[in-house]
Engineer: 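Dumping the structure here so I can ask a few things about it.
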Amino acid sequence: MLLSAATRCIALLGLVAMLDCSAYAGVALEERQLPMKFSWVACQPNCRGWISAVGIVTAETPSDFDAFARDHQLKGETIVLDSSGGSVNDAMALGRRFRALEMFTTVGVSVLTPGSRGERAHVSPEAYCESMCVFLLLSGKSRYVPEQAHVRVHQIWMGDRADNARAASYSAYDLMTVERDIGSLAKYTFDMGGAGDLLSLSLNVPPWEDLHELSREELRVTNLITTDKVAQLGSPNAAVVDLTLKSLQGLFVSTAAAASAGQE
């Protein structure tokens with residue numbers, strides 16, 4: 001039901017010598033327009049690894065995740081999102097699976113670069129989490145959004161009329177369906193610990209307007225961020241975040257814990 005948005009060119013340090021930015025952006029955009037794909041990114045022996053989730057949520061995505069989960073021990077692991085959204089109800093079903101597994105969520109693009117000792121795993125923070133992806137981000141037990149990431153919201157809409165929403169015709173049944181889905185989304189938001197501000201910001205942006213990109217302050221008031229920083233990720237200005245020093249899960253620092261430590 002959700003719209004897709006264009007992807008900007010992603011800058012990746014260490015890949016410049018291999019392929020130019022425009023070529024990589026084309027590949028990334030193509031992947032984000034396909035059904036969501038889950039893959040395990042291994043970075044041993046120096047890192048535990050994480051799950052990459054790229055693409056749109058479809059009716060098959062929750063079952064695809066179940067199949068992926070059967071082959072991996074995912075409880076408490078980190079999932080890195082790069083998605084333009086997708087089906088409202090299926091995204092909520094997927095998000096509830098993430099929460100049941102007590103997963104950590106963040107936004108990024110998983111990258112493998114060759115080196116003298118084999119491939120090296122990185123996460124580029126220059127990524128997009130849009131529409132229902134934002135509610136997947138919310139499902140994390142702990143949630144981190146890099147400064148360079150783009151988290152964008154808009155209204156939910158009838159998928160077959162989103163491209164020409166103002167000119168389309170709607171029946172009473174259509175309106176009932178949207179109202180019902182908004183109610184389900186509101187319950188989901190509060191179940192996940194989100195704030196009413198997230199619903200307000202989302203439901204104020206019609207499909208014929210550009211998606212609204214959440215500011216750092218909006219990410220906080222909506223409870224999409226539960227941690228303000230990730231330790232030992234190198235320079236905050238780096239285009240590629242190096243995750244090889246520790247597992248990404250171990251790098252999450254809860255805001256509450258940090259505040260408590262500051263009071264001691």
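This structure is a prediction, so every number in the text was calculated from the model and none was measured. As a basis for the values below, the full set of heavy atoms in this structure was taken, side chains included, without hydrogen atoms, waters or symmetry mates.
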Engineer: Could you tell me whether the side chain of Ser83 and the main chain of Gly55 form a donor-acceptor pair under 3.5 Å?
Structural biologist: yes
Engineer: List the residues meeting side chain to side chain contact (heavy atoms under 4.5 Å, CB included) with His212, not counting sequence neighbours, and say none if there are none.
Structural biologist: Val153, Leu201, Val205, Leu214, Glu218
Engineer: Do the side chain of Ser202 and the main chain of Leu199 share a donor and acceptor less than 3.5 angstrom apart?
Structural biologist: no
Engineer: Heavy-atom distance under 4.5 Å between the side chains of Trp50 and Thr106, does that happen here?
Structural biologist: no
Engineer: Are Asn89 and Asp181 side-chain neighbours, meaning at least one heavy-atom pair lies under 4.5 Å?
Structural biologist: yes
Engineer: Checking the side chain of Glu213 only, and the main-chain atoms of Val151 only, is there a donor and an acceptor separated by less than 3.5 Å?
Structural biologist: no
Engineer: Is any side-chain heavy atom of Met36 closer than 4.5 Å to a side-chain heavy atom of Asp90?
Structural biologist: no
Engineer: At their closest point, which heavy atom of Pro146 faces which heavy atom of Pro125, and how far apart are they?
Structural biologist: CB-CB, 3.4 Å
Engineer: Would Val57 and Met132 count as a side chain to side chain contact (heavy atoms under 4.5 Å, CB included) if you check the C-alpha gap in whole Å, the side-chain angles of each, and the deciding distance to 0.1 Å?
Structural biologist: CA-CA 8 Å; Val57 178; Met132 286 307 296; 5.8 Å; no
Engineer: Nearest 0.5 Å please: distance from the CZ atom of Arg97 over to the CG atom of Leu74.
Structural biologist: 12.5 Å
Engineer: Looking only at side chains, do Glu126 and Ser124 share a donor and an acceptor under 3.5 Å apart?
Structural biologist: no
Engineer: If you measure from CZ on Phe135 to CG on Leu224, what distance do you get to the nearest 0.5 Å?
Structural biologist: 8.0 Å
Engineer: Can you measure from CZ (Arg220) to CG (Asp197) and round to the nearest 0.5 angstrom?
Structural biologist: 14.0 Å
Engineer: Identify whether Leu137 and Leu203 are in the same connected component of the hydrophobic contact network (ILVMFWY, side-chain heavy atoms under 4.5 Å).
Structural biologist: yes
Engineer: With a 4.5 Å heavy-atom cut-off, do Val145 and Ile225 have their side chains touching?
Structural biologist: yes
Engineer: Can you give me the closest heavy-atom contact between Ala91 and Leu136, atom names plus distance?
Structural biologist: O-CD2, 3.3 Å
Engineer: Where is the tightest heavy-atom contact between Asn223 and Thr226, given as atom of each residue plus distance?
Structural biologist: O-CG2, 4.2 Å
Engineer: Is there a side-chain contact between Asp64 and Lys37 in this structure, where contact means two heavy atoms from C-beta onward sitting under 4.5 Å apart?
Structural biologist: no
Engineer: Check whether any side-chain heavy atom of Trp40 lies under 4.5 Å from a side-chain heavy atom of Glu77, and answer yes or no.
Structural biologist: yes
Engineer: So which atom in Leu198 and which in Val134 form the shortest heavy-atom distance, rounded to 0.1 Å?
Structural biologist: CD1-CG1, 4.0 Å
Engineer: Can you see which heavy atom on Ser84 is nearest to which on Ile56, and at what distance?
Structural biologist: OG-CG2, 3.3 Å
Engineer: Whether the side chain of Arg152 engages the backbone of Glu130 through a donor-acceptor N/O pair (distance < 3.5 Å, no angle test) should be reported.
Structural biologist: no
Engineer: Please round to the nearest 0.5 Å and tell me the distance separating atom CD of Gln155 and atom CG of Leu211.
Structural biologist: 11.0 Å
Engineer: If you round to the nearest 0.5 Å, how far is CH2 of Trp208 from CZ of Arg166?
Structural biologist: 6.0 Å
Engineer: Look up atom CG in Leu138 and atom SG in Cys133, then write down how far apart they are to the nearest 0.5 Å.
Structural biologist: 11.0 Å
Engineer: Where do Ile51 and Met103 come nearest, in terms of heavy atoms and distance?
Structural biologist: CD1-CE, 3.3 Å
Engineer: With side chains defined as the heavy atoms from C-beta onward, is the minimum distance between Ser171 and Asp174 less than 4.5 Å?
Structural biologist: yes
Engineer: Parallel, tilted or perpendicular: which fits the ring planes of His150 and Tyr128, with parallel below 30° and perpendicular above 60°?
Structural biologist: parallel
Engineer: Kindly say whether Ser139 contributes a backbone atom to a donor-acceptor pair with the side chain of Arg143 at under 3.5 angstrom?
Structural biologist: no
Engineer: Between Arg96 and Asp191, does any NZ, NE, NH1 or NH2 come within less than 4.0 Å of an OD or OE carboxylate oxygen?
Structural biologist: yes
Engineer: Are Pro35 and Glu60 side-chain neighbours, meaning at least one heavy-atom pair lies under 4.5 Å?
Structural biologist: no
Engineer: Is it true that atom CG of Asp71 has more than 12 heavy atoms of other residues, nucleotides or ligands lying nearer than 6.0 Å?
Structural biologist: yes
